Amino acid sequence: MKTKKQIIGQRGEQEACSLLTGLGHKIICRNWRSAHLEIDIISLSGGVLHIVEVKTRSGAFPADPAEKVDPEKCRRLVRAANAFLGSRMRALLPADLEVQFDVVAVVFKEPAPEVEYYPEAFLPIYY
């Protein structure tokens with residue numbers, strides 16, 4: 001049985017996928033895992049592979065969910081992206097892709113969720 005936090009997280013990822021699809025992204029996979037590493041959404045748009053972290057909150061919180069993507073989370077996303085690029089999945093994608101790290105912040109509140117997209121949220125060279 002899923003916890004309330006897991007259910008809200010899944011709803012947030014669905015909102016993020018809807019936003020990305022509306023922007024022309026093709027969703028390659030969701031919740032990709034390798035050992036203890038995870039990528040919420042991997043999408044393709046043009047010649048760019050998007051590694052997307054989704055942060056979801058419900059109700060009124062004083063901080064933007066995107067602020068929860070701290071330097072340690074960025075390092076883990078870079079490691080996860082490297083693992084993905086070294087996996088069998090990589091063979092299914094074009095050879096000359098750029099990789100971009102994005103964040104989608106979702107806040108569930110009435111009357112509709114607020115969804116913010118932060119393309120190129122960070123550069124991996126610093127991690």
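Every value quoted in this text rests on a predicted model; they were computed, and no experiment measured them. Hydrogens, waters and symmetry mates play no part in the numbers below; they use all other heavy atoms, side chains included.
Of the charged side-chain nitrogens involved, at least one lies within less than 4.0 Å of a carboxylate oxygen, so that Lys55 and Glu53 count as a salt-bridged pair.
Tyr117 and Asp102 are linked by a side-chain donor-acceptor pair at a separation below 3.5 angstrom, with hydrogens and angles left out of the test. In the model, Arg30 has no side-chain atom that pairs as donor or acceptor with a side-chain atom of Gln10 under 3.5 Å.
Note that the OG atom of Ser58 and the NZ atom of Lys109 stand 11.5 Å from one another [nearest 0.5 Å]. The CD atom of Glu98 sits 8.0 Å away from atom CD of Gln100, with the distance rounded to the nearest 0.5 Å. To the nearest 0.5 Å, the span separating CG on Leu37 from CZ on Arg76 amounts to 5.5 Å. For the atom pair CG (Asn82) and CD1 (Ile51), the distance works out to 9.5 Å, reported to the nearest 0.5 Å.
Side-chain contact between Phe101 and Cys74: absent, with no pair of heavy atoms (C-beta onward) separated by less than 4.5 Å. Two residues are said to be in side-chain contact when any heavy atoms from C-beta on lie closer than 4.5 Å; Leu49 and Leu85 meet this criterion. In this structure, the side chains of Val52 and Ile42 stay at 4.5 Å or more apart for every pair of heavy atoms.
Note on ring orientation: taking the six-membered ring where Trp is involved, the planes of Trp32 and Phe84 are perpendicular (angle over 60°, cut-offs 30° and 60°).
By the 6.0 Å contact criterion, CD on Gln6 is enclosed, its count of non-hydrogen atoms from other residues, nucleotides or ligands being greater than 12.
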